[in-house]
Amino acid sequence: MASEGRVIRCHSNFFDVLVEGSVARAVVRGRLRLERKDILAGDRVEISSGGVIERVLPRKNEMVRPPVANVDKLLVVFTLESPPFAPLVVDKLLVLGEAGSLECVLCLNKADLYEPGVADDALSPYRAAGYRTVLTSALTGLGIDELREGLGSGLAVLAGQSGVGKSSILNALIPGVGRTVGSVSRKTHRGKHTTKGVELLRVPGGGLIADTPGFTRLELETLSPSEVSAGFPEIARIRRECRFADCGHRAEPDCAVKAAVARGEIAESRYGSYLAMMEEAELHDRRRYGR
């Protein structure tokens, strides 16, 4: 009799599967190996009483970077200092999350380093776009309970640049998990990777969270220009008010999006990310289709 479980950790030849609250070590049925069926952290599988994965159930989604399946929420962690705020990186993560139909939450960490009001100014464009935001300090514990409660059930992916404090947040969210905390290079202002692979961790009183390597480079080769455009909720809400149905919100006349930017209703930083990401997606499109 097979039971349904969820893969929480992938090793070279075996897998750890969460089944009814307990973790079982499993191997893969030879047929699946012959089919070259990749198994990812987050996969729902059928596992026999003998510890053999018999079947991988259909995925509702799949992320390439990080390689994890069946994700419900994307928790984007960033900082204003150490390392410096990189709006384009944050916005790329959000667009990738929107394309995967994930609930996106922004976590501004290292609040103990900021002057009053600075954090609110940084989060304001994202609140205006409709995202839930949490201000945290893994050092002092600020916002950790709010973050834990907001994660709820299901699977959340913790993502962001190296050095923003993802491992510290995990240590605060899950006492005793003992994740190694890295430092930020004084020369490059980038964090050092401390996570080597994807692992799903159980959050007390909640669901699962994916501990993932930090991002040093994000590409949009898998997204079309229309997906990039749809990935900015504040733009998607008003684009129907533009004069032209296919408005790119750049040089076109009577553009509702550009007017909203001019009025301060859409942040210039978000609009700048939109322009940069559209250019990148269109370049990939031309290479893909030879146009």
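- At least one side-chain heavy atom of E103 sits less than 4.5 Å from a side-chain heavy atom of R132.
- Side-chain atoms of N109 and T136 include a donor-acceptor pair closer than 3.5 Å.
- Annotation for G42 and N70: closest pair O-ND2, 3.0 Å, computed over non-hydrogen atoms.
- Distance alone, capped at 3.5 Å, places no donor-acceptor pair between the S137 side chain and the G141 backbone.
- A donor-acceptor pair under 3.5 Å is absent between the side-chain atoms of S22 and the main chain of L18, judged by distance alone.
- With respect to D43 and R59, a salt bridge is recorded, a charged nitrogen being found less than 4.0 Å from a carboxylate O.
- For the atom pair CG of L223 and CD of E98, the computed distance is 11.5 Å after rounding to the nearest 0.5 Å.
- Contact record, Q161 with A86: OE1-CB, 3.7 Å, taken as the closest heavy-atom pair.
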Would you please test K166 and V164 for side-chain contact (heavy atoms from CB on, under 4.5 Å) and show each step? CA-CA 6 Å; K166 298 190 301 299; V164 295; 3.8 Å; yes

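- Side-chain contact between F78 and P87 is absent, with no heavy-atom pair separated by less than 4.5 Å.
- In the hydrophobic cluster analysis, where Ile, Leu, Val, Met, Phe, Trp and Tyr join through side-chain heavy atoms closer than 4.5 angstrom, V52 is grouped apart from L57.
- With E149 contributing its side chain and E146 its backbone, the two residues share no donor-acceptor pair below 3.5 Å.
- By the 30° and 60° cut-offs, the orientation of the rings of Y126 relative to Y131 is tilted.
- Here the side chains of E199 and I8 are not in contact, with every heavy-atom distance at 4.5 Å or above.
- Residues P204 and P175 approach most closely at CG-CD, 4.4 Å, considering heavy atoms.
- The backbone N or O of L151 lies less than 3.5 Å from a partner atom in the side chain of K73, making a donor-acceptor pair.
- Hydrophobic clustering, with ILVMFWY side chains joined whenever heavy atoms are under 4.5 angstrom apart, keeps L283 apart from L275.
- No donor-acceptor distance shorter than 3.5 angstrom exists from the side chain of R9 to the backbone of L201, with no hydrogens or angles considered.
- The OG atom of S168 lies 8.5 Å from the CG atom of L139; values are rounded to the nearest 0.5 Å.
- Of all non-hydrogen atoms in A119 and Y114, the two that sit nearest each other are CB-CD1, 4.3 Å.
- Considering only heavy atoms from C-beta on, C107 comes within 4.5 Å of L147 through its side chain.
- Side-chain atoms of D72 come within 3.5 Å of backbone N or O of L155 as a donor-acceptor pair.
- Electrostatic pairing of E252 and R243 does not count as a salt bridge here, judged by no charged N lying under 4.0 Å from a carboxylate O.
- Between V28 and F14, every side-chain heavy-atom pair lies at or beyond the 4.5 Å cut-off.
- The neighbour count for D121 CG, taken as heavy atoms of other residues, nucleotides or ligands under 6.0 Å away, is above 12.
- For Y274 (side chain) and F232 (main-chain N/O), no donor-acceptor pair under 3.5 Å exists by modelled atom type.
- E81 CD: more than 12 foreign heavy atoms inside a 6.0 Å radius.
- At least one donor-acceptor pair closer than 3.5 Å links the side chain of R237 to the backbone N or O of A129.
- When every heavy atom of C255 is checked against every heavy atom of C247, the shortest pair comes out as SG-SG, 3.8 Å.
- For the pair K92 and E280, the salt-bridge criterion is met [side-chain N within less than 4.0 Å of a carboxylate O].
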How far apart are the C-alpha atoms of L102 and M63, what are their side-chain angles, what is the distance that settles it, and do they pass the side-chain contact (heavy atoms from CB on, under 4.5 Å) test? CA-CA 11 Å; L102 307 181; M63 298 183 73; 4.1 Å; yes

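- A side-chain contact (heavy atoms from CB on, under 4.5 Å) with L108 holds for exactly one of D120, L123, V134; it is L123.
- Using a 4.5 Å heavy-atom cutoff, the side chains of L40 and E62 are in contact.
- Rounding to the nearest 0.5 Å places CG of L88 at 11.0 Å from CZ of R270.
- Side-chain atoms of E265 never come within 3.5 Å of backbone atoms of V261 as a donor-acceptor pair (strictly under, hydrogens ignored).
- For the side-chain contact (heavy atoms from CB on, under 4.5 Å) criterion with R6, the lone passing option out of V19, D16, I47, L208 is L208.
- The distance from the OG atom of S224 to the CE atom of M278 is 8.5 Å, given to the nearest 0.5 Å.
- Note: E4 CD to R55 CZ = 9.0 Å, rounded to the nearest 0.5 Å.
- A heavy-atom distance below 4.5 Å is not found between the side chains of K110 and L80.
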Criterion side-chain contact (heavy atoms from CB on, under 4.5 Å) on H249 and R239, from CA distance to verdict: CA-CA 8 Å; H249 319 306; R239 62 185 178 188; 3.8 Å; yes

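- L74 and G97 get closest at one heavy-atom pair: CD2-CA, 3.8 Å.
- Note that CZ of F15 and CD1 of I39 are 4.0 Å apart. Values are rounded to the nearest 0.5 Å.
- You'll find the side chain of L200 reaches within 4.5 Å of the side chain of V68, heavy atoms only.
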Is there a side-chain contact (heavy atoms from CB on, under 4.5 Å) between I53 and V17 once you walk through the steps? CA-CA 9 Å; I53 294 176; V17 182; 4.3 Å; yes

